Structure formats: C-alpha cells, structure tokens
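The structure appears right after this line, and notes come after that.
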Amino acid sequence: MERDTIVKEVVEALKIFSRDIRTQIDEMGSQLRTEIQDTANQLRAEIQDTANQLRAEIQDTANQLRKEMQDMANQLRAEIQDTANQLRAEMQQFRAEVNERFDRLEQKFAGLRVELTETQETVHFLASKTIQHEKKLHHLAKQLESVR
C-alpha cells in the first residue's frame, strides 16, 4: 500500500506540477499575445505616422510645384506682354514712317501737278499765240498777194 500511496502521491504531485506548468504556459501565451498585440499596434502607429509624413511631403511638393508653375506662367505672360508691346511700338513707328513718306510723296505730286498745270497753261498760251501769228501771217500773205 505504501506503494499505492506513493504512486498516488506522485500522481497527485504530477497533477499539481502539470497544472502549474499549464498555468505558466497559459500566462506565457497571454504575455506573448499581449506583446505581439502591442508590437502590432506600435507597427501600425509607426506605419500610420510614416504614411501621414509622406502625405504631408507629397502635398508640400505638389504645392511647391503648383507655385513654380504659376510663377513660370506669370513670367511667360509678362514676357509675351512685353513682346506684344514692343511689336505694337515698332508697328506704330513703322506707320509713322510710312505716313511721313506718303505725305512727302503727296507734296511732291502736288508740286508736280502745279508745274504740269503751269506748263499746260504755257503750252496753251504759246499755241494760241502761234495760231494768232499764223493768222496774221496768212492775212499778211493775202495782202501781199493782193498787192502784187
């Protein structure tokens, strides 16, 4: 019996020991689950922080690029406006030169018209005088013939 008692005590001790081992394993499992959950939560938080930082950097870069594009567009508009103003000024100057040349040509033509008119008047005058002289010469020629 003593053996039975010893075996029972050993079995009882093994049961107690096995309960203690199970309890320790359960506690260790719970601790591991807690640590894994904490680590996962930390990693999620770090991933979220990194994602937020990247979003902020992307937004900053996009804003900077928009500003640079707007500045470049404004600069190009200003250059185009300057070029347009220069072309307008050159066209105005060209028009003024062309108008001045046309005015000079008109003055020359006006002077030529006056000279042509005077020349025509002179030619008419000389033609009428020539006709008068011819008439006188005919008249004198007739008188000479009748006197002969």
Side-chain angles (χ1 to χ4, degrees), residues 1-140:
M1 251 218 211
E2 235 180 73
R3 215 172 167 199
D4 282 341
T5 308
I6 292 176
V7 169
K8 284 184 184 179
E9 284 182 16
V10 168
V11 169
E12 195 57 38
L14 283 173
K15 285 181 183 179
I16 291 171
F17 180 71
S18 102
R19 264 188 257 132
D20 286 345
I21 295 274
R22 279 189 197 121
T23 305
Q24 287 177 1
I25 287 174
D26 288 344
E27 287 176 3
M28 286 173 69
S30 293
Q31 286 176 351
L32 281 173
R33 281 187 203 94
T34 304
E35 286 180 23
I36 289 171
Q37 189 62 39
D38 289 347
T39 303
N41 290 338
Q42 286 176 349
L43 287 174
R44 282 187 192 101
E46 288 179 21
I47 288 171
Q48 189 62 40
D49 288 346
T50 303
N52 290 340
Q53 287 175 352
L54 287 173
R55 282 187 191 100
E57 287 179 25
I58 288 170
Q59 188 62 40
D60 288 346
T61 303
N63 290 339
Q64 183 179 0
L65 288 174
R66 280 188 194 97
K67 184 183 180 316
E68 288 176 14
M69 285 177 19
Q70 188 64 37
D71 291 347
M72 188 178 292
N74 290 338
Q75 182 180 3
L76 288 173
R77 281 187 191 101
E79 289 177 15
I80 288 170
Q81 188 63 40
D82 288 346
T83 303
N85 289 340
Q86 288 175 352
L87 287 173
R88 283 187 192 103
E90 288 176 14
M91 286 177 60
Q92 289 290 41
Q93 183 179 0
F94 179 73
R95 283 181 186 153
E97 289 175 11
V98 168
N99 286 340
E100 181 182 334
R101 288 181 178 183
F102 276 130
D103 289 344
R104 278 190 259 145
L105 281 174
E106 286 176 358
Q107 289 174 355
K108 283 183 181 179
F109 284 132
L112 288 175
R113 279 188 202 113
V114 168
E115 287 181 21
L116 182 59
T117 303
E118 289 174 353
T119 304
Q120 284 176 340
E121 290 174 356
T122 304
V123 167
H124 286 295
F125 175 75
L126 291 175
S128 67
K129 285 294 180 185
T130 304
I131 289 171
Q132 284 178 1
H133 289 301
E134 283 180 7
K135 283 181 182 179
K136 280 187 184 179
L137 285 174
H138 280 303
H139 182 43
L140 288 175

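Heads up: numbering here begins at 1 and tracks the sequence. Every value quoted in this text rests on a predicted model; they were computed, and no experiment measured them.
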Rounded to the nearest 0.5 Å, what separation is found between the [atom1] atom of [X] and the [atom2] atom of [Y]?
X      : Y      : atom1 : atom2 : answer
Thr130 : Leu137 : OG1   : CG    : 10.5 Å
Leu32  : Ile25  : CG    : CD1   : 11.5 Å
Met69  : Met72  : CE    : CE    : 9.0 Å
Thr34  : Glu27  : OG1   : CD    : 11.5 Å
His138 : Ile131 : NE2   : CD1   : 10.5 Å
Glu35  : Ser30  : CD    : OG    : 11.0 Å

Identified side chain to side chain contact (heavy atoms under 4.5 Å, CB included) partner of Glu9 from the options Thr5, Ile6, Val7: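 Going through the options one by one, the only one that passes is Thr5.
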Partners meeting salt bridge (charged side-chain N to carboxylate O under 4.0 Å, His left out) with Lys67 (sequence neighbours left out):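 For Lys67, the residues satisfying salt bridge (charged side-chain N to carboxylate O under 4.0 Å, His left out) (neighbours in sequence not counted) are Asp71.
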Listed once per pair and sorted, the side chain to side chain donor-acceptor pair (under 3.5 Å) pairs that draw on residues 40-62, sequence neighbours left out: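 Matches after skipping sequence neighbours: Gln37-Asn41, Asn41-Arg44, Gln48-Asn52, Asn52-Arg55, Gln59-Asn63.
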Neighbour count above 12 (heavy atom, 6.0 Å) for Arg104 CZ: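 It does: Arg104 CZ has more than 12 such atoms within range.
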Test log, rule side chain to side chain contact (heavy atoms under 4.5 Å, CB included), inputs Leu116 and Leu112: CA-CA 6 Å; Leu116 182 59; Leu112 288 175; 6.0 Å; no
Test side chain to side chain donor-acceptor pair (under 3.5 Å) applied to Lys136 - qualifying residues, sequence neighbours left out: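 Per chain and number, Lys136 pairs via side chain to side chain donor-acceptor pair (under 3.5 Å) with no residue.
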Ion pair check, Glu12 and Lys8, cut-off under 4.0 Å: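 No.
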Within-4.5 Å side-chain heavy-atom neighbours: Arg33 and Ile36: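 Side chain of Arg33 against side chain of Ile36, heavy atoms only: no contact under 4.5 Å found.
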